[in-house]
2 protein chains.
Amino acid sequence: MCEEQDGVNEACSVMEAVNRISGKWTVGILLAATEGPVRFTELERHLKGISRRMLTLTLRNLERDGLLRRTVHPTVPPKVEYEATDMARELHSALAELVGWARRNRANITRSRTGYDDTAGELVRS
Amino acid sequence: MCEEQDGVNEACSVMEAVNRISGKWTVGILLAATEGPVRFTELERHLKGISRRMLTLTLRNLERDGLLRRTVHPTVPPKVEYEATDMARELHSALAELVGWARRNRANITRSRTGYDDTAGELVRS
DNA sequence: CTGGATCCCTTTGGATACTG
DNA sequence: CAGTATCCAAAGGGATCCAG
């Protein structure tokens, strides 16, 4: 599935992880579900701007990967709760590293981008 | 740009990072460029299956974000080298966490998926 | 050798309306 | 409340040819 070469298999492992947490809403949902069980509409309000369809899809995929546990309470009206699994909680600590990096370098990246756009942009339209 | 709510701004920082390293080839390129300067065709051979277009695009974006440094040697034939910046090297350490997580939980996720597909799959086609 | 430009297909994601 | 179904737009990504 993933050719084994020098550093590429390492990259492959990372990508497996990255692919799983990529997606516009995945991290937000994961973080919310780590603090405790959350309901569908709670998430819908929490993740402002998400559509029902994307919320459903993202939840399904997370459940499928074993990162979320879905509990249906057979009541009227129905009540469904989502909660992060242990595996997801471990991931959370790894995520913290990324948060740190993002925080530290947010400004650098922005500067780099503007610099790049200013420089290269002019060359193109020369 | 990113509404500040409870845990969402935290998720936002993660997403900034995730968005930057997502993309099919980004991590592979980053890892290769972290070990030392690499040339265009080296990468093309290393990342088996990548198209020239995607290699170019990914390199451009990484350079734009300040994660890669692009050095042009004014020779004939032209020679261009890419190397990871300090910022990218810091990211590499954060990535290591993810690698660990991916390695530890790869099997779990696969199991979870097959289990999910077996269970839910039947319900759908009922 | 190192790309740029173009075409085209696939995937992702959003809006909305409907249902148990 | 918690979804499902459908339609549609935008982005991702591959193939190929062209150029400095």
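A note on names: the letters A, B, ... follow the listed sequences, proteins ahead of strands, and every chain is numbered from 1.
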Less than 4.0 angstrom between a side-chain N/O of B:Trp25 and OP1 or OP2 of D:dG14, yes or no?
yes
Which atom names give the shortest non-hydrogen contact between A:Ala94 and B:Glu97, and what distance separates them?
CA-OE1, 3.5 Å
Looking at every heavy atom in both B:Ala88 and B:Leu67, which two are closest together, and how far apart are they?
CB-O, 3.2 Å
Would you kindly compare B:Gly23 and A:Arg70 by the position of their nearest DNA chain D nucleotide and give the one closer to the 5′ end?
A:Arg70
Check the interface with nucleotides 15-20 of chain C: list each N/O to N/O pair with the protein under 3.5 Å, or write none.
none

Rounded to the nearest Å, what distance is computed from the CD atom of residue A:Glu81 to the C1' atom of nucleotide D:dC1?
13 Å
Tested for side-chain hydrogen bond (donor to acceptor under 3.5 Å, both in side chains) against A:Tyr82, the lone hit among A:Glu42, A:Arg69, A:Arg39, A:Arg70 is A:Arg70
Among residues 54-63 of chain B, which ones have heavy-atom contacts with DNA chain D below 4.0 Å?
B:Met54
Between D:dA2 atom C1' and A:Leu43 atom CG, what is the distance in whole Å?
12 Å
I want to check something: taking the side chain as every heavy atom from C-beta on, are A:Leu91 and A:Met87 in contact at a cut-off of under 4.5 Å?
no
Rounded to whole Å, CE of A:Met15 lies from C1' of D:dG12 at a distance of 13 Å
Measure the distance from CD1 on A:Ile29 to C1' on C:dG13 and round it to the nearest whole Å.
13 Å
Which residue lies toward the 5' end of DNA chain C, A:Lys24 or B:Pro77, if each is placed at its nearest nucleotide?
B:Pro77
Neighbour count >12 (heavy atoms, 6.0 Å) for atom CG, B:Asp86
no
Could you walk me through whether B:Val18 and A:Thr26 pass side-chain contact (heavy atoms from CB on, under 4.5 Å), step by step?
CA-CA 11 Å; B:Val18 167; A:Thr26 314; over 6 Å; no
What is the distance, rounded to the nearest whole Å, between atom NZ of A:Lys79 and atom P of D:dC1?
12 Å
Check: A:Val80 and A:Phe40 side chains under 4.5 Å, non-hydrogen atoms:
no
Let me have the donor-acceptor pairs involving side chains of residues 56-63 of chain B, under 3.5 Å, with sequence neighbours excluded, atom names and distances please.
residue, atom, partner, partner atom, Å
B:Thr56, OG1, B:Arg52, O, 2.9
B:Thr58, OG1, B:Met54, O, 2.6
B:Asn61, ND2, B:Leu57, O, 3.4

Indicate yes or no: at least one non-hydrogen side-chain atom of B:Trp25 is less than 4.5 angstrom from one of B:Leu55.
no
Could you give the CZ-to-C1' distance, from A:Arg45 to D:dC1, as a whole number of Å?
11 Å
Check the distance between D:dA15's P and B:Glu44's CD and give it to me in whole angstrom.
12 Å
Interatomic distance, B:Arg39 CZ vs C:dC1 C1' [rounded to whole Å]
7 Å
